[in-house]
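These notes are about the structure you will find just below.
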Amino acid sequence: MASTRRLKLTAAVAVAGALVAGMTVALATSASAGTTLGASAAEKGRYFGTATDPHMFSNSGYMTVLNREFNQLTNENGMKWDATEPQRNQFNWTRGDQLVAHAQSRGMLVRGHALLWHQQQPGWAQGLSGSDLRSAAINHVTQVASHWRGKIHSWDVVNEAFADGGSGGRRDSNLQRTGNDWIEAAFRAADAADPNAKLCYNDYNTDGINAKSTGIYNMVRDFKARGVPIDCVGFQSHLGTTIAGDYQANLQRFADLGVDVQITELDVQQGSNQANIYRTVTRACMAISRCTGITVWGVRDCESWRTGANPLLFDCNNNKKPAYDAVLAELNAGTGVPPTSTPPVNPTTPPGGNPTTPPAGGAGCTATVSLNQWTGGFVANVRVTAGSGGTRGWTVAMTLPGGASVTGTWSATASGSTGTVRFSNVSYNGQLAAGQVTEFGFQGSGSGSGMTPTCTAS
Ligand code: 9MR
């Protein structure tokens, strides 16, 4: 589940970006300067997207900007519960299908937004409670995620379930009243329905280390420890005229839990600080290898949900604002995501075709490990770098401290769980070109301190 999902989609970002930018996957981390947001982000192995709605697709000025600048789309309203299931068990896919078709026709990724949320529920669901609501909600997750299976890069499985203010706890809602486990039940249902989508928790007022973001952090840590299939956390980032000084540190602490982080609904109040805040957000994402993309919540100020705030990157005449220039400069200055193995991304249409000649192999590999530890457990992320001959396959041996054991592995197969554990490539990340990097990870109980990885290539 999670392991398969992670690698496939890392590659999906690179290739969708490559299609948009008209370059090969191998260029995804090159240092040239892109001239559009999407192309520039793709050069760094990331996406840059926007919220939109198919009713805008007939507006040619708007679409010129959307198609030129972005390589990821989120349906601003058309994939929500009220839009997709207006009557119980009667589904309407029209707006979502239109958005997916447009994205696919241009090689753009799609973020799915949002499977469960206390707002924008259809009237029939608002009238339910208890086990009836729970089963309707899980059925909704299953049906919607199944309908777009294989077409969604990341799903906001649950949106805005935590309370504002200092409690750090859950928001009261009809969904919350079905039992505290409703969020994990939703993630498990989404995982079963679309095992290749990244599954995200998404929220606002989490743009710094505060009680709300810490409550979410604790939930994610608990999910990772118990194997609940969560892959990513979305930070909406609807921002005013200031930004928290620990914005990047907050993203980093989530990434250190072993989930991707994404900026999902970025917009910033117009004012003298607007470009600077956009710059800060972009720089923070580029500094974190697990920050896989940024989405702005609309293209032009006049379509923004924040009427009068003019919080976006384009004015109503399709002109770039100073904030646009700030974002593009940061994307071009930023750090690329380490290249990963390049499995066929879309199983039916691998760009450039499948490789037919495996690399020579035999010249070794190296591995490094980074740890995120807490009392009683840890997550280890391991980077494997192929030597000068490339690899056909690789194995990383690590000796765990006494009392420690491996409880879960992604993007590799583990033999054993205590003592010296050998992690071998899975089918899609064994072949690496010279110098190419891939990552795998595992979760353990006990302490992971002092582990030294030894890499052997075949
Ligand atoms: O931008 C969306 C707006 O058009 C809708 O009327 C509104 C309904 O609640 O939802 C807006 O998008 C929200 C998103 O789905 C979740 N995070 C907050 C966004 C702004 O309210």
Side-chain angles (χ1 to χ4, degrees), residues 49-57 59 62 66 70 72-86 92 94-96 98-100 110-123 125-126 137 140-141 144-145 148 152-165 170-176 183 186 190 199-208 210 212-213 215-216 232-240 261-270 277 281 293-314 316:
T50 184
T52 186
D53 195 276
H55 80 262
M56 294 301 297
F57 288 3
N59 184 316
Y62 173 99
L66 181 138
F70 300 100
Q72 177 271 315
L73 301 180
T74 303
N75 206 323
E76 186 167 355
N77 289 297
M79 289 187 178
K80 292 173 179 174
W81 198 349
D82 60 347
T84 50
E85 195 180 359
N92 182 341
T94 309
R95 288 155 76 193
Q98 286 174 347
L99 181 133
V100 168
V110 178
R111 289 195 85 263
H113 175 82
L115 292 171
L116 292 180
W117 187 23
H118 64 282
Q119 287 186 28
Q120 283 180 282
Q121 296 181 358
Q126 292 173 35
H140 179 75
V141 170
V144 176
W148 284 301
I152 304 295
H153 173 268
S154 301
W155 261 116
D156 291 331
V157 178
V158 169
N159 193 43
E160 302 177 7
F162 275 72
D164 291 310
R170 300 281 182 87
R171 171 195 299 281
D172 183 36
S173 72
N174 58 346
L175 290 163
Q176 183 61 29
I183 297 182
L199 304 181
C200 304
Y201 176 81
N202 188 51
D203 216 326
Y204 66 95
N205 280 351
T206 52
D207 313 301
N210 57 41
K212 186 173 178 180
S213 63
I216 296 164
C232 40
V233 176
F235 298 82
Q236 293 184 10
S237 303
H238 295 295
L239 299 173
V261 295
Q262 303 172 348
I263 313 304
T264 52
E265 303 184 14
L266 179 61
D267 52 18
V268 181
Q269 170 75 43
Q270 177 114 302
I277 292 174
V281 171
I294 298 174
T295 308
V296 287
W297 205 240
V299 179
R300 311 187 300 192
D301 286 337
C302 43
E303 279 85 38
S304 169
W305 70 292
R306 293 170 71 175
T307 309
N310 296 324
L312 296 171
L313 299 176
F314 291 87
C316 301

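As the structure is a computational prediction, the values presented were derived from the model and not from experiment. In each ligand, atom 1 is the first atom listed, and ligand 1 is the first ligand listed.
- Residue Q121 holds its CD atom at 5.0 Å from CG of L175, rounded to the nearest 0.5 Å.
- Close approach to W297 involves these atoms of ligand 1, each under 4.0 Å from a residue heavy atom: 1 (O), 2 (C), 12 (O), 14 (C), 15 (O), 19 (C).
- Residue W305 has at least one heavy-atom neighbour below 4.0 Å for each of these atoms of ligand 1: 1 (O), 20 (C), 21 (O).
- When hydrogens are left out, the protein atom nearest atom 14 (C) of ligand 1 is H113 NE2, 3.4 Å; that is the closest non-hydrogen contact.
- Of the options K80, E303, E160, the smallest heavy-atom separation from atom 11 (C) of ligand 1 is shown by K80.
- Atom 18 (C) of ligand 1 has E265 OE1, 3.2 Å as its closest protein atom, hydrogens excluded (heavy atom only).
- Against a heavy-atom cut-off of under 4.0 Å, H238 is close to the following atoms of ligand 1: 18 (C), 19 (C).
- Residue-ligand proximity: R306 is placed with every non-hydrogen atom at 4.0 Å or more from ligand 1.
- At a 3.5 angstrom cut-off on N or O pairs, N159 does not count as close to ligand 1.
- Counting heavy atoms only, N77 comes closest to atom 6 (O) of ligand 1 of the residues D203, N75, N77, D156.
- Considering backbone and side-chain atoms together, Q236 places an N or O closer than 3.5 Å to an N or O of ligand 1.
- Ring geometry, W148 versus W155: the interplanar angle falls from 30° to 60°, so the pair is classed tilted.
- The side-chain heavy atoms of L116 and W81, taken from C-beta on, include a pair separated by under 4.5 Å.
- The distance from atom CD of Q236 to atom OG1 of T295, rounded to the nearest 0.5 Å, is 11.0 Å.
- Contact atoms of ligand 1 toward Q119: 9 (O) (distance under 4.0 Å to a heavy atom of the residue).
- For ligand 1, the polar-atom distance check finds an N/O of E76 within less than 3.5 Å of one of the ligand's N/O atoms.
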